[in-house]
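So the structure is just underneath, and the comments pick up after that.
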Amino acid sequence: MAYLLILLTICNSVLMVTGQTLWKLGATGKEVHSLGQLLRLFLSPYVIAGLMVYAFSSVLWIYILNKGDLSYVYPIQSTAFIFALIIGTTIFKEQLTLTKVIGVLVICLGVVIITRK
């Protein structure tokens, strides 16, 4: 069951990053200086799709929390940083720095340590 929880939690991290990526795609280049502009942004197809992905992620997260200890599964969610780094550098052409790489490696080490029983 532990391996299934790890896999589901990593899948949930991917869903979270996917939802946030869709939000960023929907928000990039948009001016938001009024409530009306914010509402139009919120009704963007990308933002709506991101909300739907995030809603599914929330349902999955509740299932995971029902099956596992919070102190065990929550740190695994930090794998989202890995996926966000990959998406940031590939889709959004953000700069990949040594500091970011080292930070993600430290997170990976932490996930390995916390999931060892």
Side-chain angles (χ1 to χ4, degrees):
M1 183 64 168
Y3 290 116
L4 179 60
L5 280 177
I6 292 170
L7 180 62
L8 288 175
T9 305
I10 291 171
C11 288
N12 194 53
S13 294
V14 170
L15 287 170
M16 287 176 20
V17 171
T18 300
Q20 292 174 16
T21 300
L22 289 166
W23 291 345
K24 181 157 176 65
L25 287 169
T28 299
K30 307 292 189 304
E31 293 290 326
V32 181
H33 299 293
S34 69
L35 187 57
Q37 289 173 326
L38 182 62
L39 183 58
R40 276 192 297 283
L41 176 66
F42 207 77
L43 296 175
S44 149
Y46 283 118
V47 173
I48 291 171
L51 288 168
M52 292 171 61
V53 170
Y54 230 74
F56 180 75
S57 171
S58 295
V59 171
L60 179 57
W61 183 237
I62 291 168
Y63 174 80
I64 292 166
L65 290 174
N66 178 264
K67 298 297 180 187
D69 294 339
L70 181 64
S71 62
Y72 179 75
V73 295
Y74 196 84
I76 301 168
Q77 286 248 112
S78 63
T79 57
F81 289 106
I82 300 163
F83 303 118
L85 181 67
I86 293 167
I87 295 296
T89 56
T90 57
I91 293 179
F92 299 111
K93 305 301 182 208
E94 296 171 359
Q95 186 177 9
L96 181 63
T97 64
L98 181 60
T99 305
K100 290 178 184 177
V101 172
I102 291 171
V104 165
L105 291 174
V106 169
I107 290 167
C108 290
L109 179 60
V111 170
V112 168
I113 291 169
I114 201 81
T115 57
R116 295 182 61 94
K117 287 220 172 191

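Each residue takes its place number in the sequence, starting with 1. Just so you know, these numbers use all the heavy atoms, side chains as well, and skip hydrogens, waters and symmetry mates.
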Do any side-chain atoms of residues 92-101 form donor-acceptor pairs under 3.5 angstrom with protein atoms, and if so which ones, sequence neighbours left out?
residue : atom : partner : partner atom : Å
K93     : NZ   : T90     : O            : 2.8
T97     : OG1  : K100    : N            : 3.2
K100    : NZ   : Q95     : O            : 2.8

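- In this structure, CG on L15 lies 12.5 Å from CD1 on I10, to the nearest 0.5 angstrom.
- Using a 4.5 Å heavy-atom cutoff, the side chains of F83 and T18 are not in contact.
- By the side chain to side chain donor-acceptor pair (under 3.5 Å) test, T79 is found to be paired with S13, residues two or more places apart in sequence or in another chain being considered.
- Both Y74 and I6 belong to a common hydrophobic cluster when Ile, Leu, Val, Met, Phe, Trp and Tyr are linked at side-chain heavy-atom distances under 4.5 angstrom.
- Cluster annotation: L70 and L4 are assigned to the same hydrophobic cluster (Ile/Leu/Val/Met/Phe/Trp/Tyr, side-chain heavy-atom contacts under 4.5 Å, transitive).
- Apart from V112 itself, the hydrophobic cluster it occupies contains nothing, where clustering links Ile, Leu, Val, Met, Phe, Trp and Tyr at side-chain heavy-atom distances under 4.5 Å.
- A continuous path of Ile, Leu, Val, Met, Phe, Trp and Tyr side chains, each step under 4.5 Å between heavy atoms, connects I87 with V14, placing both in one hydrophobic cluster.
- When all heavy atoms of L5 and G68 are compared, the pair lying nearest together is CD1-CA, 3.6 Å.
- Applying the side-chain hydrogen bond (donor to acceptor under 3.5 Å, both in side chains) test to residues at least two apart or on different chains, the pairs with a partner in residues 1-12 are N12-S57, N12-Q77.
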In residues 39-56, what donor-acceptor pairs under 3.5 Å come from side-chain atoms, sequence neighbours left out?
residue : atom : partner : partner atom : Å
S44     : OG   : Y46     : N            : 3.2
Y54     : OH   : Q20     : NE2          : 2.7

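- Shown here for V17 and A80, the closest heavy-atom pair between the two residues is CG2-O, 3.4 Å.
- Both W61 and I76 belong to a single network of hydrophobic side chains, linked directly or stepwise wherever heavy atoms of I, L, V, M, F, W or Y lie under 4.5 Å apart.
- A continuous path of ILVMFWY side-chain contacts below 4.5 Å connects Y72 to L8, so both sit in one hydrophobic cluster.
- In this structure, the side chain to side chain contact (heavy atoms under 4.5 Å, CB included) partners of L7, at least two apart in sequence or on a different chain, are C11.
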